[in-house]
Every structure is written in C-alpha cells, then in structure tokens.
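Just so you know, these numbers come straight off a predicted model, no measurement behind them.
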Amino acid sequence: MSAFDTRAAAALADSTLKTAVERTAGTAEAKRTLAVAAFPDFEAARTRAAGIKDHVIGHLGHYLEQFEANAIAAGAQVHWAATADEACRIVVDICRKANAKNVARSKSMLGEEIGLPHALAEAGIGRIETDLAEHIIQLADERPSHIIWPAMHKTREQVSALFKAKHRTPHEEDSIAAMAESARRELREQMLGADVGISGANFLIADTGAVCTVTNEGNAELSLVPPRVHIVTAGIEKIVPSMPHAVHMLRMLARSATGAALTQYTTFYTGPKRAHDRDGPEEMHIVLVDNGRTNMREEGLADMLRCIRCGACMNHCVVFRQIGGHAYGGTYPGPMGAVLTPALGGLAPNRDLVHACTLNGKCQEVCPVRIPLPTLLKGWREKSWREGLEPTSMRMGLGLWAWVARRPALYRLATGLALRAMRLLGRRGWIETLPLAGGWTRHRAMPRPAASSFMAQYRKERRP
C-alpha cells in the first residue's frame, strides 16, 4: 500500500473521525446552501469573482509592483521570496533583529505551506497560535486537517480532554462556553506579551498597499496590533486591484466558507503605526511568496491561482468527508489540495492524490471562483500516465479494458455476464465480499446492481 492508501485506510476505520468531520462539514454545507439562496444572482457574482482573479493573474507583475510601491509609501517594508526556505529565512531574520523571544501567529495556511512553525522552532523562537482551532492543533502537536477549521477532525469531547491536560487553569464544566473561556485565559496574556505578530493575508489591495485579514474570533487584531513588529506572509496570487474588488471577494469568501454574510472580523492594515495613531506596530514587514506559483501560471494551472481558500470544495467532497484532511498528507486537503500538492511538491510522490476523486464535479459546482477542479485533476492523471508513474497493474488493467471496449460485441457480452453475476451475488449476500472490490467492501456495503445496464436503459429510453 502507498502512504496515502495507508492513511486513508486508517481514516476510514476511525468512526470518531467520521463523526467529527460530518458535524462540521455537514453544517457548513447546509449554511452555505441557505446563504447562496439569499444572495441575489449568486451565479453572476461567481462569474465576476472568477473574472477578477483571472485579470489579476494575467497582469500579476503590474499589480505586484503597484502593491509594493503603495505598501512602501504607507511605511511597510516589502520582501520577496522565491521559495519556502527563503520566506522562512526572511521571517526568522526579522524576528532576530527585533530580539523576539516569542511570536503570536494568526492562522495562515501559507505559513503551514512554507513550514514556518518548524523554522521558528529551529531558531529557538517561541510561538503561540492565537486562532482557537490552531491552538488546539498546537497543543495536540498535529497538523491542520482543514483550511478553515484546522481542528475539524477533533470532537468537542477530545478537545475538552486536551484542554484539561494542557491548560494551566482548565475548565471544570464540559461546555463549549467553558472551553472557550479556558482558551481565552490561556491565550490572552501571551497574545498581548508577544514581541512579534505574524499573519497571513486573505487579500492584498494593490492600489492602497493594504493587507486584509479575516477571522471569526478577533485573534488577528489582538495578536498583530500590540506587538512592536507585524510580519505578513502572503502568496503572490492574493492580490486584488482595489477595495471594491476586495469587498466583492469577501462577500464570496464568507458565504462559501461558513455560510455567513460577512465574517465577524475583517481588518485592513496599511503600514505601521503613524505619529497620530494610538496603537499599532512600529514596523510592518510584508513577505511576498512565490513558492511555485509562477510555474503554475506557466504550466497550465493558472485556474488554480484563483483559489481564495474558502474550503467549500472539501466541505462538499464525498472523499474528504470519508477520510478527513490528514489522509491527504500535505498542507492543503480535499480537491484543491489534490491539485495544489503535486504542483508544490511534485507529481511523483503525490500521484495518489489526483486519483482521490470521483470526478462528480460537486467541488467545481460550489467553488466561488469557478475553478474547474475535475478538469485540473484529469490533467494531472494524464500527465501521470504519460510519465509512466501509474503502477503496472493499472496500466495492464486499463489496457485490457481498452482492448475489450474497442470491440463492441465483446464489450456488451462481458458487461452482460458481469451484471448477471453481480445480481446473483447480490441476492445471496456475497456482494459484500466481491473479489477485487476490497476498497469498497472493507468500509461500506457494495450496492446491489440495477436490473439492467446503463446502455440497456439508454436504448429503452431512445425507442420511439
């Protein structure tokens, strides 16, 4: 078994994980449905959002230069990083120059992508995760399993036990409110005492040089405003031309991510503290990270650069909801991760991910920027085939299927015999252990086949 197969098998056997994922993903799916229904002409809004991102990606150099000039004019310092290692070195160097012993970090998937938590640890710099879910993950010494809800894989019962074991003053009552208060006691002092605040960026506004962060807890404001230094790490695709464009994208982001009309805390940071400001950091550094994004634009994956990290694709993905996020093995799980991870880490070690999809198209249907995720996954599959990465058993099996499929009479005979055999096995209950179908029957019941094949039903419908 491959590493992905091993992780997926473990996830499928974990009933607690399935409960935890369904609690959150199911709720998110229902809330998004209601939010979209209440949004006038949501489909037109999706088209406009996709157009905004395509325009920016097509003129990326122009908008990056405009953002850099305006950010510097506002007092920020802009750094450029071609790779993940370079980005981490820049951040660590800034922290060292600030004599930082502790940093407060607001949730950032880019930070996870570039390995920033590990880089800070190796540099001997203390780190406190200020997002509640990220705090849970840090205490558990795990990786995020979802880009919006990093602790989606944990039940409230597991979180309660974790807080009681790790918090200095743990909660006594096993309620969500009591657990949140316990986390507040644990985090607030450390937030306010940090030397440096580190964040990602949901959007970068080109015509003002502003950075936008979106949270549901206000942790970004508490961990980025009090410290002397604020460091932003952002992928170069986060650019939007202006504030009106950012507002439109925010309306799409919130509804797609959580089903809310607007996220509770949406903040724009434009430079460090000025002479008349009552608070704010003395220094603001913005690290613009490529880490393969330019190559994606040039190698046929430009559509993926539209992604605004809402998580809707994974909330609606039948595969993700069976195995959760950790089974994917990378920073980004679900359909968007199955496309991104091979782009960031190479196709050869990640070819299994591009097959972790039924190609039912639900992810594309709910994507707020219309990313053709099934098409991109099929492109990876074709490349994997061309480069000889598929196992011999698959190549031989598909070769045999192709040989039969090119002979219609033989194909109809073979499928007819298979259908009769499956119906017989279904009547006797043996279909649960159907040979060569262990991937299905190990964790679910193989469905009994229809009374007739698709082609037979199709011919019947076509008859006058």
Quiz: residues 325-336 side-chain donor-acceptor pairs under 3.5 angstrom, not counting sequence neighbours:
{"from": "H326", "atom 1": "NE2", "to": "R143", "atom 2": "O", "distance (Å)": "2.5"}
{"from": "T331", "atom 1": "OG1", "to": "R143", "atom 2": "NH2", "distance (Å)": "3.4"}
{"from": "Y332", "atom 1": "OH", "to": "E113", "atom 2": "OE1", "distance (Å)": "2.5"}

Side-chain atoms of residues 25-32: list all donor-acceptor pairs with protein atoms under 3.5 Å, sequence neighbours left out, distances to 0.1 Å.
{"from": "T27", "atom 1": "OG1", "to": "R23", "atom 2": "O", "distance (Å)": "2.7"}
{"from": "E29", "atom 1": "OE1", "to": "R321", "atom 2": "NH1", "distance (Å)": "2.5"}
{"from": "R32", "atom 1": "NH2", "to": "V366", "atom 2": "O", "distance (Å)": "3.4"}

Q: Give a yes or no on this: more than 12 heavy atoms of other residues, nucleotides or ligands lie within 6.0 Å of atom NE2 of H59.
A: no

Q. Listed by chain and number, what are the salt bridge (charged side-chain N to carboxylate O under 4.0 Å, His left out) partners of R184, not counting sequence neighbours?
A. E181

Q: Could you name each residue pair satisfying salt bridge (charged side-chain N to carboxylate O under 4.0 Å, His left out) that touches residues 329-351, not counting sequence neighbours?
A: R351-E390

Q.
When you compare the side chain of V339 with that of M296, does any pair of heavy atoms fall below 4.5 Å?
A. no

**Q.** D131 side chain near T215 side chain, heavy-atom distance below 4.5 Å
**A.** no

Q: Tell me, please, which residues at least two apart from T358 pass side-chain contact (heavy atoms from CB on, under 4.5 Å).
A: V318, V319, N360

(Q) For L12, run the side-chain contact (heavy atoms from CB on, under 4.5 Å) check against K18, R7, Q322 and tell me which one passes. (A) Q322

Side-chain atoms of residues 227-235: list all donor-acceptor pairs with protein atoms under 3.5 Å, sequence neighbours left out, distances to 0.1 Å.
{"from": "R228", "atom 1": "NH2", "to": "A98", "atom 2": "O", "distance (Å)": "2.5"}
{"from": "H230", "atom 1": "NE2", "to": "S199", "atom 2": "OG", "distance (Å)": "3.0"}

Q: Could you give me the CA-CA distance, side-chain angles and deciding distance for V103 and C95, then say whether side-chain contact (heavy atoms from CB on, under 4.5 Å) is met?
A: CA-CA 8 Å; V103 302; C95 290; 3.9 Å; yes

Q) For residues 300-311, which residue pairs qualify under salt bridge (charged side-chain N to carboxylate O under 4.0 Å, His left out), counting only residues two or more places apart or in two chains? A) D54-R306, E237-R309, D303-R306

Listed pairs under 3.5 Å, donor-acceptor, residues 367-378 side chains, sequence neighbours left out:
{"from": "R370", "atom 1": "NE", "to": "T47", "atom 2": "OG1", "distance (Å)": "3.1"}
{"from": "R370", "atom 1": "NH2", "to": "E43", "atom 2": "O", "distance (Å)": "2.9"}
{"from": "R370", "atom 1": "NH2", "to": "E43", "atom 2": "OE1", "distance (Å)": "3.0"}
{"from": "R370", "atom 1": "NH2", "to": "T47", "atom 2": "OG1", "distance (Å)": "3.3"}

Q. How would you list all residue pairs meeting ring pair (Phe, Tyr, Trp, His ring centres under 6.0 Å) that involve residues 106-137, not counting sequence neighbours?
A. H135-F163, H135-H167

(Q) Between Q138 (side chain only) and R127 (backbone N and O only), is there a donor and an acceptor less than 3.5 Å apart? (A) yes

Q) Counting distance only, does the side-chain N/O of N202 pair as donor-acceptor with the main-chain N or O of V214 below 3.5 Å? A) yes

Side-chain polar contacts of residues 246-257 - donor-acceptor pairs under 3.5 angstrom, sequence neighbours left out - could you list them?
{"from": "H248", "atom 1": "ND1", "to": "R48", "atom 2": "NH1", "distance (Å)": "3.3"}
{"from": "H248", "atom 1": "NE2", "to": "A45", "atom 2": "O", "distance (Å)": "3.0"}
{"from": "R255", "atom 1": "NH1", "to": "R251", "atom 2": "O", "distance (Å)": "3.3"}
{"from": "R255", "atom 1": "NH1", "to": "A261", "atom 2": "O", "distance (Å)": "3.1"}
{"from": "S256", "atom 1": "OG", "to": "M252", "atom 2": "O", "distance (Å)": "2.9"}

Q.
Quick one, W380 and H355 - any side-chain contact, counting heavy atoms below 4.5 Å?
A. no

Q.
Looking at I57, is its backbone amide N or carbonyl O close enough to the side chain of R297 to form a donor-acceptor pair, meaning the two atoms are under 3.5 Å apart?
A. yes

Q | Residue list, salt bridge (charged side-chain N to carboxylate O under 4.0 Å, His left out) with K53, at least two apart or on another chain | A | none

Q. Can you tell if the side chain of P117 reaches within under 4.5 Å of the side chain of R105, non-hydrogen atoms only?
A. yes

Q.
Going by the rule ring-ring contact (aromatic ring centres under 6.0 Å, His included), which residues pair with H79 if we only count those two or more places apart in sequence or in a different chain?
A. H285

